[in-house]
Amino acid sequence: MDIEQKQADLIEHFVKRASALQGSALGALVADATSHPSLFAFSEILAVPSVLQLEGTDSSVYLDVLRLFAHGTWSDYKRNADRLLQLVPEQVLKLKQLTVLTLAETNKVLPYDQLMQELDVTNVRELEDFLINECMYAGIVRGKLDQLRRCFEVQFAAGRDLRPGQLGGMIQTLSSWLATSDNLLVSIQEKIKWADSMSELDKKHRKEVEDRVEEVKKSLSLKKLHTVSRPTLTSEGMRRSTLNLVE
């Protein structure tokens, strides 16, 4: 099963569970969802009415944790740890994986120093083990570890949940990309037309040259034929003609 299908199945599972629960009973579901090793998207769970109803209640901390895993990073958790639940090791790992995805959204070359700071990793070996074992093997990123340049070159990264207000910017970006693509398509079509036109001119010129060559060949053949068919006098004939003229 590919990662996208597995994600879809897990999301459907947790959404059904959340829809059947209320209040503090959602705490266990949030813990399970944010600890699951194969779940990296949470916006659909956040959209469940019973989950949204946690806002402003004594159980709102579960909603805050779910929002953290949907949009936040390990640094966000450290800044707000005093008002959030203490995370279990599985949740810490998941949030650090999500942090790598967030960093990869804006930069495809991630310096080791930046990654170690964001992930609370103390040395390069630990960082590379994390990127290989917990990110690349998990299928959420693909890339190249460059020890010489001390950076991780991102070739692919799974997308995270859209943050509030991010949809408008994404729509604008896609609209700009579409307009650019349309202009590029028009330019390509014009170049194709120009190439076709030049091809036709080339064919016409080649035909004219070939016709001219044929005319020259025919002319040379006629001249050669005319030269061969003219009568020629032998030396004896020339002598007799000369004697006749004398007589």
Side-chain angles (χ1 to χ4, degrees), residues 1-106 118-120 130-131 133-142 156-174:
M1 181 184 298
D2 59 31
I3 187 171
E4 290 83 5
Q5 185 59 50
K6 192 171 186 178
Q7 284 280 301
D9 292 344
L10 286 170
I11 290 169
E12 183 180 3
H13 166 74
F14 282 108
V15 166
K16 286 181 178 179
R17 279 185 58 188
S19 300
L21 299 173
Q22 295 288 331
S24 60
L26 287 163
L29 176 138
V30 170
D32 290 346
T34 54
S35 300
H36 198 288
S38 299
L39 183 63
F40 297 92
F42 306 92
S43 58
E44 288 87 347
I45 304 173
L46 275 169
V48 175
S50 60
V51 175
L52 292 174
Q53 289 169 7
L54 294 174
E55 188 76 71
T57 69
D58 293 339
S59 300
S60 63
V61 66
Y62 302 125
L63 180 60
D64 293 336
V65 169
L66 201 55
R67 285 172 175 164
L68 172 69
F69 278 79
H71 310 124
T73 64
W74 176 243
S75 294
D76 294 329
Y77 172 73
K78 290 190 297 180
R79 284 193 295 268
N80 299 281
D82 57 335
R83 64 181 186 84
L84 293 170
L85 297 173
Q86 183 175 356
L87 302 182
V88 299
E90 292 81 5
Q91 289 174 308
V92 173
L93 171 61
K94 172 63 63 63
L95 193 54
K96 288 185 176 182
Q97 289 172 315
L98 293 169
T99 299
V100 173
L101 297 184
T102 294
L103 294 173
E105 287 179 353
T106 55
E118 292 290 337
L119 300 173
D120 272 347
F130 176 81
L131 292 172
N133 299 325
E134 309 299 346
C135 296
M136 287 193 275
Y137 282 174
I140 59 174
V141 296
R142 289 194 301 270
F156 160 82
R160 293 197 64 180
D161 295 302
L162 294 178
R163 291 180 289 276
Q166 192 177 15
L167 181 60
M170 182 172 289
I171 291 175
Q172 183 177 359
T173 299
L174 290 174

Fill in: S60 side chain vs G56 backbone, donor-acceptor pair below 3.5 Å
no
Worksheet item: Would you say S50's side chain and A18's backbone share a donor-acceptor pair under 3.5 angstrom?
Response: yes
Item to complete: Given side chain to side chain contact (heavy atoms under 4.5 Å, CB included), test L63 with E55 step by step and report yes or no.
Response: CA-CA 7 Å; L63 180 60; E55 188 76 71; 3.6 Å; yes
Practice prompt. Kindly check if the number of other-residue, nucleotide or ligand heavy atoms within 6.0 Å of CG (D58) is above 12?
Written response: no
Worksheet item: Would you find a donor on one side and an acceptor on the other, under 3.5 Å apart, between the side chain of Q97 and the backbone of E134?
Response: yes
Worksheet item: Between Y77 and T99, is any pair of side-chain heavy atoms under 4.5 Å apart?
Response: no
Going by atom type alone, with no hydrogens or angles, which donor-acceptor pairs under 3.5 Å involve a side-chain atom of residues 35-46 and a protein atom two or more places apart or on another chain?
unit_1 : atom_1 : unit_2 : atom_2 : d
S35    : OG     : A31    : O      : 2.7
H36    : ND1    : S38    : N      : 3.1
S38    : OG     : K6     : NZ     : 3.3
S43    : OG     : D161   : OD1    : 3.0

Practice prompt. Quick one: do L29 and Y62 satisfy side chain to side chain contact (heavy atoms under 4.5 Å, CB included)? Show the steps, please.
Written response: CA-CA 9 Å; L29 176 138; Y62 302 125; over 6 Å; no
Worksheet item: To the nearest 0.5 Å, what is the distance between CG (L95) and CG (D76)?
Response: 8.0 Å
Worksheet item: So, E12 and K16, do they make that salt bridge, N to O below 4.0 Å?
Response: yes
Worksheet item: Does the pair L103 and T73 meet the rule for a side chain to side chain contact (heavy atoms under 4.5 Å, CB included), with working shown?
Response: CA-CA 9 Å; L103 294 173; T73 64; over 6 Å; no
Discussion item. Does any part of the side chain of V100, heavy atoms only, come nearer than 4.5 Å to the side chain of L119, both counted from C-beta?
Written reply: yes
Item to complete: Mind checking the CH2-CZ spacing from W74 to R79? Nearest 0.5 Å is all I need.
Response: 12.5 Å
Worksheet item: Side chain of R160, backbone of G72: donor and acceptor closer than 3.5 Å?
Response: yes
Worksheet item: About how many Å separate NZ of K94 and CG of L98, when rounded to the nearest 0.5 Å?
Response: 6.5 Å
Response to the item:
Smallest heavy-atom separation, A47 atom then L52 atom, equals O-CD1, 3.9 Å
Worksheet item: How about Q91 and V88: do any of their side-chain heavy atoms sit closer than 4.5 Å?
Response: yes
Worksheet item: CG/D64 to CG/L54 distance, rounded to the nearest 0.5 angstrom?
Response: 9.5 Å
Worksheet item: Heavy-atom distance under 4.5 Å between the side chains of F14 and D32, does that happen here?
Response: yes
Response to the item:
Rounded to the nearest 0.5 Å, the CG atom of L68 sits from the CG atom of N80 at a distance of 8.0 Å
Discussion item. Before you tell me yes or no, could you show the steps for D120 and K78 under side chain to side chain contact (heavy atoms under 4.5 Å, CB included), namely the whole-Å CA-CA distance, both residues' side-chain angles and the distance that decides it to 0.1 Å?
Written reply: CA-CA 10 Å; D120 272 347; K78 290 190 297 180; 3.1 Å; yes
Practice prompt. Mind checking the CD-OG spacing from Q22 to S59? Nearest 0.5 Å is all I need.
Written response: 10.5 Å
Practice prompt. Identify the two heavy atoms, one from A158 and one from L101, that lie closest to each other, and give their separation to 0.1 Å.
Written response: O-CD2, 3.7 Å
Worksheet item: Which pair of non-hydrogen atoms, one from V15 and one from S19, has the smallest distance, and what is that distance?
Response: O-OG, 2.8 Å
